[in-house]
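Below you'll find the structure, written out as structure tokens, and then a few comments.
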Amino acid sequence: MDTDFRDRLAQALARVAGVEEEAAAASLGAPTARTIQKEDGRPQSSATKSAGVDWCSTLAFALAKERKENPAKLAGKWAQEGEWPAFVKRAEAAGPYLNFHFNSGFWWDVLAQNSQAPEMADRQKTSAKKKPGKVLIEFPSVNPNKPWHVGHLRNALLGDSLARLLSATGHEVERQDYIDDLGLQVAQSVWGRTHLPDPTAPEGSGDLAGKLDHILGWQYVEVAKRAEEEAVAAQVRALLKKLEEGDGPEAREARSVVEHCVKAQYQTAFAFGVFHDALIFESDIVRAVFKEGMEKIVSSGAVRKETDGKNQGCVVVKLGDEKEFAGMESPDKVLIRSDGTATYTGKDVAFQLWKFGRLSADFSYAPFVSQPDGSVAYASTGSKDGKKMKYGHADTVVNVIGMEQAYPQQVIQVVLRKMGLQKQADRYVHIAYEHVVLPEGRFSGRAGTWMGAGGGPGFTADELLREVEREADGKIAAGREGGEAGGPKAGGENEQTYSKLRGIPLDYIQIEKSAASSGVSDPRTAFANNSWRDFPIRPRANGPQGAVAPCGRPEEPKLTGRRGVEPPSAVPNEEASPAAGAEARKGTDADTEALKWAGAGAKNAGRHGTPDEAERKKIARAVAVAAIRFSFLRTSANQKITFDYDKALSLSGDSGPYVQYAYARAVHILKKGDEAAHAPAAPEEPSAYEFNGQELALARAILRWPTLLSACAAKYQVHPIADYAIDLSGKFNQFYNTTPVMKAGKKEEVAARLLEVAAFREALGRAMDILGIGRLERM
């Protein structure tokens with residue numbers, strides 16, 4: 001239903017409007033969908049956000065000028081005259097918008113179709129229609145002489161999630177990593193391994209002390225200091241020449257160092273859930289495909305050899321007449337230097353031709369590393385024992401490379417175009433990303449930190465994960481964050497107040513007079529019906545433990561030592577009614593009150609149990625990875641990121657752990673249903689069931705998923721998926737706060753609401769899979 005209904009609605013709209021079905025389909029969408037950015041970064045116009053609208057069309061806008069008619073009149077005419085599918089309860093015009101309202105049967109079909117939980121092994125499979133052609137995504141292409149820093153991590157997470165996104169939409173995806181084993185930095189590091197003593201691991205490096213990428217990184221600090229010495233520079237240049245020639249013990253030693261470093265880097269990748277299909281080494285590009293690639297480029301007339309001027313003797317691509325390079329003082333790009341050596345861009349152009357399957361030359365491969373997901377990553381090899389494999393031959397090539405590489409990436413597109421490969425030029429996609437910044441001093445003096453680009457501090461991905469995991473484990477062990485999740489999304493002043501009031505008994509919360517005059521003077525009532533968002537709230541002066549902090553923030557109850565604390569809801573737990581919630585709070589002390597508000601209490605704490613240390617560590621790692629991945633992916637790639645530890649680990653805001661908790665909460669409810677022998681099921685008479693506002697909002701959000709997924713894949717954007725996960729989680733928490741499930745009343749109502757919970761769980765789970773956030777069943 002969730003894809004078929006759009007086709008049926010488009011067909012009906014096309015008939016009544018007298019347009020092609022494609023035009024009608026393009027005008028249809030969810031009224032509350034987050035916009036997908038255009039390529040220039042500006043948002044597209046979103047549909048009307050009229051309350052209670054299920055789907056809408058903006059077709060009247062597009063046709064009004066062409067037909068010289070008022071768009072509102074067009075929409076009104078279509079609403080009255082259209083023969084709509086049976087699932088449309090009514091169509092109506094709201095100004096120039098044509099809005100649709102669907103019947104109950106439609107919503108139960110949507111929920112039923114989205115409620116089935118796939119087996120773990122099937123989660124990465126997709127039911128989407130297979131797309132023709134292969135998409136090859138290259139990431140993160142880190143120099144193999146240092147650990148990943150946070151910028152490399154952003155690259156890796158973008159590439160990995162884009163691969164997940166495109167796979168989910170039916171594309172065949174190849175995940176590839178480019179290994180620059182012939183670069184100057186590699187030659188310098190190999191020189192350092194030969195001429196310098198092993199570095200001393202910085203204090204606090206812990207298990208990183210034996211990790212080769214960190215060892216090379218620490219040593220590279222000293223190598224960089226010595227590199228300006230003429231004697232050292234001469235030795236490095238001689239070594240680089242031997243590496244490029246590919247013969248002798250130096251080249252074999254360099255390859256060994258590089259491979260071991262990459263394997264150490266991949267330990268980092270695996271910790272973040274990042275995997276690859278193939279690794280292509282630059283030395284193999286030079287020896288296997290570069291010659292044929294450059295011959296094709298030269299013979300096509302796309303480049304020329306300069307006979308005079310500063311580029312005399314060089315093979316150059318002329319760019320002065322290309323619009324992308326208008327105004328540049330020296331736009332031309334050298335691909336082959338006068339001494340016959342290739343520039344980085346020259347080698348890269350030839351490599352892109354191979355990716356598109358435009359060369360007959362190919363690589364041989366050997367197994368490189370077994371990955372935790374059960375797959376094997378293969379690496380190109382010059383060995384005669386290597387075997388041929390079907391890598392490359394892509395229909396679309398996506399390169400995840402930093403913003404600063406925009407110029408050479410545009411050069412490659414122009415060369416492809418000049419060669420007559422317009423299709424390949426159009427399908428050559430550069431995903432440019434900005435830098436990542438960490439709070440100043442966060443890792444000051446810690447292991448493996450050194451000065452990054454522009455004189456700023458550079459931090460490793462390993463250290464970031466270790467630090468966030470440590471903080472996550474501390475929060476889980478102390479239970480101090482237990483009272484945050486499930487509440488409102490951080491945002492408005494009232495919501496910030498709510499965050500500060502977590503764990504405070506409702507008896508100590510003051511509802512302002514404006515609320516009391518509206519008949520909402522009891523905090524319990526305000527929280528039970530969610531009306532607290534509409535009125536100012538504050539802690540009473542005689543708050544718990546007899547004090548309010550000088551800044552106006554109440555002191556938090558001490559929850560140290562508590563385990564398994566759940567987030568707050570409008571009532572003590574999903575089974576209670578507002579009245580039962582008020583009753584449950586009578587005669588409790590502040591500590592127990594806070595726990596009950598958090599959805600725990602003695603009964604719940606016993607049921608959930610206390611995780612042992614091994615389980616706690618496992619959860620802490622999953623929460624830490626979710627916190628980092630979500631924080632990095634939530635921001636558009638073209639915007640800088642300042643990583644904030646508190647926000648990333650918050651259970652009450654826009655964070656990965658907030659999403660994880662919503663998922664875990666849904667799993668818990670469904671387990672309770674299973675224990676009580678209640679199976680999720682739609683009502684026998686769907687039309688007799690009255691959805692409340694929170695139920696419909698949740699169902700509408702679930703319905704948006706296929707449209708959002710397709711739009712994100714078309715634009716190569718991941719951040720709207722993160723926005724969706726937050727929005728969906730928030731709607732579920734509102735549903736949870738207002739709509740009893742196990743205490744719904746009739747058995748049929750319990751089954752129906754369990755179906756809603758199951759549909760949410762799977763909808764959110766699909767978004768989490770693309771973001772690479774673990775589906776925790778317990779936090």
Side-chain angles (χ1 to χ4, degrees), residues 1-40 42-110 113 128-132 169-170 426 686-687 696 699-715 717 720:
M1 172 65 77
D2 42 18
T3 55
D4 177 60
F5 87 94
R6 290 175 293 169
D7 296 336
R8 293 166 61 189
L9 205 55
Q11 291 165 6
L13 178 58
R15 285 194 298 268
V16 72
V19 297
E20 294 294 327
E21 186 178 329
E22 184 178 355
S27 76
L28 289 166
T32 57
R34 294 296 293 262
T35 57
I36 301 297
Q37 289 185 341
K38 290 182 178 179
E39 292 178 358
D40 60 7
R42 294 179 298 171
Q44 294 177 346
S45 298
S46 61
T48 177
K49 296 188 177 180
S50 302
V53 176
D54 295 328
W55 215 251
C56 71
S57 169
T58 57
L59 185 61
F61 278 115
L63 294 185
K65 186 175 181 180
E66 174 188 325
R67 298 186 178 181
K68 297 180 181 179
E69 291 190 54
N70 184 300
K73 288 185 177 180
L74 277 177
K77 179 182 177 182
W78 298 339
Q80 293 178 1
E81 298 179 359
E83 294 182 5
W84 308 111
F87 60 80
V88 176
K89 183 165 59 177
R90 72 178 186 276
E92 61 185 10
Y97 298 99
L98 179 59
N99 294 334
F100 299 96
H101 302 263
F102 302 147
N103 60 34
S104 295
F106 172 88
W107 290 118
W108 287 117
D109 284 346
V110 169
Q113 289 181 11
K129 184 178 180 180
K130 292 297 182 183
K131 306 287 193 305
T169 50
D426 292 342
S687 60
L696 273 177
R700 289 178 185 133
I702 292 171
L703 182 66
R704 283 201 292 121
W705 172 251
T707 302
L708 176 71
L709 188 68
S710 297
C712 288
K715 292 293 183 181
Q717 293 180 341

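A quick note: this is a predicted structure, and the numbers were derived from the prediction, not measured.
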Atom pair [atom1]/[atom2] of [X] and [Y] - distance to nearest 0.5 Å:
{"X": "H101", "Y": "C56", "atom1": "NE2", "atom2": "SG", "value": "10.0 Å"}
{"X": "R15", "Y": "W84", "atom1": "CZ", "atom2": "CH2", "value": "9.0 Å"}
{"X": "W108", "Y": "S687", "atom1": "CH2", "atom2": "OG", "value": "12.0 Å"}

Side-chain heavy-atom pair [X], [Y] within 4.5 angstrom cut-off:
{"X": "L98", "Y": "L59", "result": "no"}
{"X": "P706", "Y": "R6", "result": "yes"}
{"X": "V88", "Y": "W55", "result": "no"}
{"X": "L703", "Y": "F106", "result": "yes"}

* **Exam field: side chain N103 to backbone A86, donor-acceptor pair closer than 3.5 Å** =>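 Judged by distance alone, yes, a pair lies under 3.5 Å.
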* Heavy-atom donor-acceptor pair, N99 side chain to V53 backbone, under 3.5 Å ->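 Checked: no pair found.
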Can you see which heavy atom on [X] is nearest to which on [Y], and at what distance?
{"X": "A60", "Y": "P71", "answer": "CB-O, 3.3 Å"}
{"X": "A72", "Y": "N70", "answer": "N-OD1, 2.7 Å"}
{"X": "L9", "Y": "P85", "answer": "CD1-CD, 4.1 Å"}
{"X": "A10", "Y": "A24", "answer": "O-CB, 3.5 Å"}
{"X": "A91", "Y": "A79", "answer": "O-CB, 3.8 Å"}
{"X": "P96", "Y": "A75", "answer": "O-CB, 3.8 Å"}

* To do: Could you go through the side chain to side chain contact (heavy atoms under 4.5 Å, CB included) check for W107 and D54 one step at a time?
  => CA-CA 10 Å; W107 290 118; D54 295 328; 3.3 Å; yes
* To do: Could you give me the CA-CA distance, side-chain angles and deciding distance for L63 and W78, then say whether side chain to side chain contact (heavy atoms under 4.5 Å, CB included) is met?
  => CA-CA 12 Å; L63 294 185; W78 298 339; 3.8 Å; yes
* Structure fact -> residues 16-29 vs side-chain hydrogen bond (donor to acceptor under 3.5 Å, both in side chains), sequence neighbours excluded, gives S27-S57
* Apply side chain to side chain contact (heavy atoms under 4.5 Å, CB included) to D4 and F87, showing your working. => CA-CA 12 Å; D4 177 60; F87 60 80; over 6 Å; no
* Can you sort out the partners of D426 under side-chain hydrogen bond (donor to acceptor under 3.5 Å, both in side chains), two or more places apart, ordered by chain and number? => Q422
* May I have the step-by-step check of side chain to side chain contact (heavy atoms under 4.5 Å, CB included) for F100 and L28, ending in yes or no? => CA-CA 10 Å; F100 299 96; L28 289 166; 3.9 Å; yes
